[in-house]
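Handing you a structure now.
Here is the naming used below: chain letters follow the sequence lines, and residue numbers restart at 1 for every chain. These numbers were taken from a predicted model, which means no experiment stands behind them.
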Amino acid sequence: MKKMLTAAVSRVLSGVTQKPASRVLVASCKYSNNATFEIKKCDLYRLEEGPPVTTVLTREDGLKYYKMMQTIRRMELKADQLYKQKFIRGFCHLCDGQEACCVGLEAGINPTDHVITSYRAHGLCYTRGLTVRSILSELTGRRGGCAKGKGGSMHMYAKNFYGGNGIVGAQGPLGAGIALACKYKGNNEVCLTLYGDGAANQGQISEAYNMAALWNLPCIFICENNRYGMGTSVERAAASTDYYKRGNFIPGLRVDGMDILCVREATKFAADYCRSGKGPMLMELLTYRYHGHSMSDPGISYRTREEIQSVRSKSDPIMLLKDKMVNNKLASVEELKEIDAEVRKEIDDAAQFAMTDPEPPLEELGHHIYSSNPPFDIRGANQWIKFQSIS
Amino acid sequence: MAAVAASAGWLLRLRAAGADGPWRRLCGAGLPRGFLQSASAYGAAAQRRQVAHFTFQPDPEPVEYGQTQKMNLFQAVTSALDNSLAKDPTAVIFGEDVAFGGVFRCTVGLRDKYGKDRVFNTPLCEQGIVGFGIGIAVTGATAIAEIQFADYIFPAFDQIVNEAAKYRYRSGDLFNCGSLTIRSPWGCVGHGALYHSQSPEAFFAHCPGIKVVVPRSPFQAKGLLLSCIEDKNPCIFFEPKILYRAAVEQVPVEPYNIPLSQAEVIREGSDVTLVAWGTQVHVIREVAAMAQEKLGVSCEVIDLRTILPWDVDTVCKSVIKTGRLLVSHEAPLTGGFASEISSTVQIPHISNVI
């Protein structure tokens, strides 16, 4: 630090630089390497102690999280635009507002851990390693998409990421099964099984809780509570809206899902708990989605614009992280703006690709139905069209 | 267009084979392999975005039920539900998001009119919704449950098949859940893909004890839905979702009933019988018109309306007259309901066809 200062001062005095002296001095000690933050204490259920209430955020991590969240935000907004231009058809469920959940979860686990979620999955697809290009072109149904254009919005998969599931709640028992495989293989991995506040009322989620607890599976059940199950608010759908307690015999945490550091610490805590063989844990992330349930839902017939605006101005996850970083000298506003510009460019390039990449060839429509040795024929939409099914 | 062209093409080959002779071949099963072409030969452009083509053909305005109003399918459903709730004080409507009007606007205004005790949202639990509905029905109240998409009916499959269908039988008629009606949007819509397009009527056709009904139009929907609600057996009413807005007709404002288990011959003909239900009826109607115009083939078009128990007599009588049968449906081919119809029609003592 001192060396840099001296060098800077001498540069100024030698008259080489055009910058005014004060600015050079400020520039060289502008950023801290890290800062300590206090985070909200999580509500606990059946737990003696919870995640730590302070955490250290390094500048490097902060910039990484910011970029990831901004990428997800811009990607979702671009998907909105492409949907309205009819490049994306079918159903499209956007997760803008919930970025801190996906990025925070990823920050708390290893790439070798497993994740499974519902249909509001684009953010997790990105954090699990898919490129924006492959996500957007899957949305537009092109061959560059991660599911070769045949899956669409709800069916995107990656290594250690099991989708992307359309049927509400169906991924609960699947996640418990993946956790069983982790335990059986003894590789110290955990499975994050995400579902929403609506799915929490599905019977099969309770079945998954029971199996996970009975067999001590390393499964972290995560309820992304964005207050509305499609058009029904949580108060009108659930006898108990304390979703973190709904696991009954499974210990639970209620986490502020708009604060990425809170999510990260809670995830690390839950993952350590599961890895130590103590069985499953339930995390409820309190979050919010700005868009409606899907692109067919305006999102304002069951909630007010004022409510959406209020969350956007007070608890937007990207804004919260930005304020933390700028106020603690982890980054400057200009630097973050540069990241914004980079992200915008990346998204625009990806969207361009997604709009121009060709669709998968029609011959592939029948592939991957069965795993079979000899290819067989399958009938198309009318009896004179047949597709070869090869796997 | 593809579907229409396909059916018309089939008829062409039929004609070429000799329309006079007693050629009793059924759609699909017996066609020689040579008729099939590979997908790429057919042409990608022709395939794309045309398999959901149909033109809704409204029926003439009904005169026997009093004043009519222009309604589309979802409005006809709302009207039927409105009539039911007005007539039957025990009737309740429940399902996911029905309170604000439902995702397809089938229940708009009903909560305001009849109160939140009678039109209410359930949590997201199909098995729970149907099980709960069976419970209401067993006590004698009228339960009208909504499953948001037919694709989501499978968690409730056990409740429907094992509980609802067999209640009367296993209790020796002491109890029944006949006042249960399950309504669900059904069928392809063009952009629904895996989980918003399914036509599961064949799964339920395999289960005695329930009734399965699919209307083709707003007028049919209101009459059939009212019949389902009043029928003393648990009924599943599948509403073709692509017709919710696309189908507009004059529909009577007052309640009326269309009998269940009665197929309707909507076009008389002498050369071939075409059977369909739901949206496909309109495709088949178009095919019949094309066949008459271009091939001189006279087609008899039957809308099956009730899938279970289905009107064997009407279909067989028609096949005896024409000697040929073509069944067209949206659901997958293998094990689809067409296989039931085609095999029944071939039973000698039932139809004299063979």
> In Å, rounded to the nearest 0.5 Å, how long is the span from CE of A/Met230 to CZ of B/Phe100?
Replying inline: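 One finds 4.5 Å between CE of A/Met230 and CZ of B/Phe100.
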>> For a quick test of reading the model, state the closest non-hydrogen atom pair linking B/Gly192 to A/Phe91 and the distance between them.
In response: CA-CE1, 3.8 Å
> Is it true that atom CZ of B/Phe203 has more than 12 heavy atoms of other residues, nucleotides or ligands lying nearer than 6.0 Å?
Replying inline: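 It does not: B/Phe203 CZ has 12 such atoms or fewer within range.
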> Of the backbone (N, CA, C, O) and the side chain (C-beta and beyond), which part of A/His155 lies under 4.5 Å from a heavy atom of chain B, both, or neither?
Replying inline: side chain
> Of the non-hydrogen atoms in A/Arg236 and B/Ala99, which two are nearest, and what is the gap between them?
Replying inline: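 Closest approach of A/Arg236 to B/Ala99, heavy atoms only: NH1-CB, 4.5 Å.
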> Can you tell me how far the SG atom of A/Cys92 sits from the NE2 atom of B/His191, to the nearest 0.5 Å?
Replying inline: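 Between A/Cys92 SG and B/His191 NE2, I get 12.0 Å after rounding to 0.5 Å.
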> Counting heavy atoms not belonging to A/Phe249, are there more than 12 under 6.0 Å from its CZ?
Replying inline: yes
> Is A/Lys148 atom NZ crowded by more than 12 heavy atoms from other residues, nucleotides or ligands, each under 6.0 Å away?
Replying inline: no
> Which residues in residues 153-164 of chain B have any heavy atom lying under 4.5 Å from a heavy atom of chain A?
Replying inline: none
> Going by residue number, which parts of residues 104-124 of chain B are within reach of chain A, meaning a heavy-atom gap below 4.5 Å?
Replying inline: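 So the qualifying residues are B/Asn121, B/Pro123, B/Leu124.
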> Heavy-atom distance under 4.5 Å to chain B: side chain of A/Ala199, backbone, both or neither?
Replying inline: backbone
>> Please check: side-chain N/O of B/Asp97 versus main-chain N/O of A/Gly231, any donor-acceptor pairing under 3.5 Å?
In response: yes
> B/Glu126 versus chain A, heavy atoms under 4.5 Å apart: side chain, backbone, both or neither?
Replying inline: both
